[in-house]
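Worksheet: the structure to be examined is printed underneath.
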2 protein chains.
Amino acid sequence: MKHDAMHMAGKPTLGFRPLYRQVRDILVKRIADGVWQAGQMLPSEPEIAAELDVSPGTVRKALDEMTAENLVVRRQGRGTFVAKHDDARILFQFFKLIPDSSVREFPDSKVLNLTSGINPEAASQLGLGRRDCVLVLDRIRTLAGQACVLERICLPAALFPGLEKREVPNNLYQLYAMEFGVTIGHASEKLKAVAATGEEAQHLGVAVGEPLLRVDRLAFSLDQRPVEWRVSLCRTDQAHYISDLR
Amino acid sequence: MKHDAMHMAGKPTLGFRPLYRQVRDILVKRIADGVWQAGQMLPSEPEIAAELDVSPGTVRKALDEMTAENLVVRRQGRGTFVAKHDDARILFQFFKLIPDSSVREFPDSKVLNLTSGINPEAASQLGLGRRDCVLVLDRIRTLAGQACVLERICLPAALFPGLEKREVPNNLYQLYAMEFGVTIGHASEKLKAVAATGEEAQHLGVAVGEPLLRVDRLAFSLDQRPVEWRVSLCRTDQAHYISDLR
DNA sequence: CATCTTATATCTTATACAAGAGTTGGCGAT
DNA sequence: ATCGCCAACTCTTGTATAAGATATAAGATG
């Protein structure tokens, strides 16, 4: 009775999704749509199960996957909560640069520039039309008292209306989620070592030609669409980028 | 009856491990000890369950975790197999450098040097005594026809007896597993951008001072002990290092 | 104010059945 | 008699569900 979906098409296995994955999709969509907001507690597993008319174990398996993706946080005896980008664990999910000889810390930011306009290269990266409006934010970040990262962040203007006229906070991904309903789910980064150009060197306080770590990041929202393109140039003389291979 | 372990100590919760995790530990140990070798098929879930006197679902949950850690590979209808380092998926688990404009490929290697002796710095990284013997392997790797990576690999000599007198293959982690019973479970890498020194520049065919990506990797065996320290210097003018953030 | 009870959340374990993948053996055509 | 095909069998992992254990916090109780 529960497997009607798989028998609708001609071939049973084509287009079939397990029940727990369908449940997962429903729950993810609710978070993406802001029905359940960051930090908020979800209904209990039995409640969700009753509402969707599945067994609690199936809901649980859906939440297992979402936990593995850092989308929700579970606490036994308390409940299940939508992951928030200011939790210590989630904060460093997307910030991989740490000082060589001290504990992990979150950097300060100073905005250099914030404009909007046509930008074919960024539009292409973000999967937009060549003439779609793109927001471009330049800023410099400070780690352990030293100017350390110079970055350019490109966003689809359509998704972030009014961002230009706003005070830009340090924690961008929290802003995206709270004010614009855009939750970053994952990102893929490409790293290179490059030589500092004149302007870059000046901003970071290093000599021209000095090696910098160039991090090219494309970040995706919960519905798997690219929503941020970011290129960061990092001094790595007193810090390093960490990557865990499992 | 199954929870005796938790009642032995004063506090119930201290030192208590769920049954499925105990099963996981047993299975991991069997792989680590070579009882089940790379590529080999494990007994079926019901068989393992009967042998350990737990329910199949418990074995299954243990294998779920091991699958997530890339330790085993499951194939519906076929069986569960110990992960092998020449499977396409596992191969690139530990090799993150890919050419800018072509498909992923695995590099060739040419050994420059292989020695053994005292090396306090490497010994410290590997958690050995300062005077324990360390193997040091220098080699250069070629990607898409271009000398691309210059790396130094340090190993505890005690774990790899006779490695010095042996032909060193391209795929080291497969060698560790097959010939020395050492399976790499995970690794943590620290990345920096550095300037090429004279010798480095010569080996890689770049100018002195050219930016290189320096990857400092510590790799751990299944029992969580560091067994390989590797520093790789990479040209990134035609390749990049990828990192997925989830 | 400390302790116990209770309600409710997640966590663990168990069981039944479905789906995928070889293997085997029957059966007909050649 | 032999080859090829296909159905049935049997083994595997995958999915769905349910019941009891454990953890947490709030309220009752002394």
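Throughout, protein chains are lettered first and strands after them, A, B, ... in sequence-line order, and every chain is numbered starting at 1. Everything numeric here is computed off the predicted structure, so don't read it as measured data.
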Whole-Å distance separating the CG atom of L63(A) from the C1' atom of dC11(C): 13 Å
Within the structure, does a side-chain N or O atom of R60(B) lie under 4.0 Å from either OP1 or OP2 of dG14(D)? yes
Counting distance only, does the side-chain N/O of T58(A) pair as donor-acceptor with the main-chain N or O of V54(A) below 3.5 Å? no
Can you measure M66(B) atom CE to dT13(D) atom P for me and round it to whole angstrom units? 13 Å
Determine: side-chain N/O of S55(B) to OP1/OP2 of dT13(C), distance under 4.0 Å, yes or no. no
Across all chains, not counting sequence neighbours, the salt bridge (charged side-chain N to carboxylate O under 4.0 Å, His left out) partners of R74(B) are E45(B), D64(B)
Using the side chain to side chain contact (heavy atoms under 4.5 Å, CB included) definition, which of the options L222(A), D223(A), V23(A) pairs with V28(A)? L222(A)
Check whether any side-chain N or O of R75(A) sits under 4.0 Å from OP1 or OP2 of dA23(D), and answer yes or no. no
Enumerate the residue pairs fulfilling salt bridge (charged side-chain N to carboxylate O under 4.0 Å, His left out) with a member in residues 167-186 of chain B, sequence neighbours excluded, ordered by first and then second residue. R166(B)-E179(B)
Rounded to whole Å, how long is the line connecting atom CD of E45(A) with atom P of dT22(D)? 18 Å
Just jot down the salt bridge (charged side-chain N to carboxylate O under 4.0 Å, His left out) partners of D132(B), sequence neighbours excluded, or say none. none
Rounded interatomic separation in angstrom, taking CZ from R24(A) and C1' from dT15(D): 17 Å
Counting the atoms with a prime plus P, OP1 and OP2 as sugar-phosphate, which does T58(B) contact under 4.0 Å by heavy atoms, base, sugar-phosphate, or nothing? sugar-phosphate
Side chain of Y20(A) - closest among dT12(D), dT12(C), dA16(D): dA16(D)
Find the distance R21(A):CZ to dA16(D):C1' and express it as a whole number of Å. 15 Å
Between Q22(A) (CD) and dT15(D) (C1'), how many Å, whole number? 12 Å
Of all residues at least two apart in sequence or in a different chain, which pass the salt bridge (charged side-chain N to carboxylate O under 4.0 Å, His left out) check with K29(B)? D33(B)
Nearest to the K61(B) side chain among dT12(C), dT10(C), dA9(C), which nucleotide is it? dT12(C)
Minimum-distance nucleotide (side-chain atoms of Q76(B) versus dA9(C), dG14(D), dT15(C)): dG14(D)
Starting at atom CG of L52(A), determine the distance to atom P of dT17(D), rounded to an integer number of angstrom. 11 Å
Does S44(B) place a side-chain N or O at less than 4.0 Å from the phosphate oxygens OP1/OP2 of dC11(D)? no
Within the sub-3.5 Å range, which N or O atoms of nucleotides 22-24 of chain C have a protein N or O partner, and how far apart are they?
from    : atom 1 : to     : atom 2 : distance (Å)
dG22(C) : OP1    : R78(B) : NH1    : 3.4

In whole angstroms, how far is the C1' atom of dA9(C) from the CD1 atom of I48(A)? 12 Å
Looking for any heavy atom pair under 4.0 Å, which part of the strands does G79(B) touch: base, sugar-phosphate only, or nothing? sugar-phosphate
If the condition is side-chain contact (heavy atoms from CB on, under 4.5 Å), which residues does E105(B) pass it with, not counting sequence neighbours? P99(B), S102(B), L143(B), A144(B)
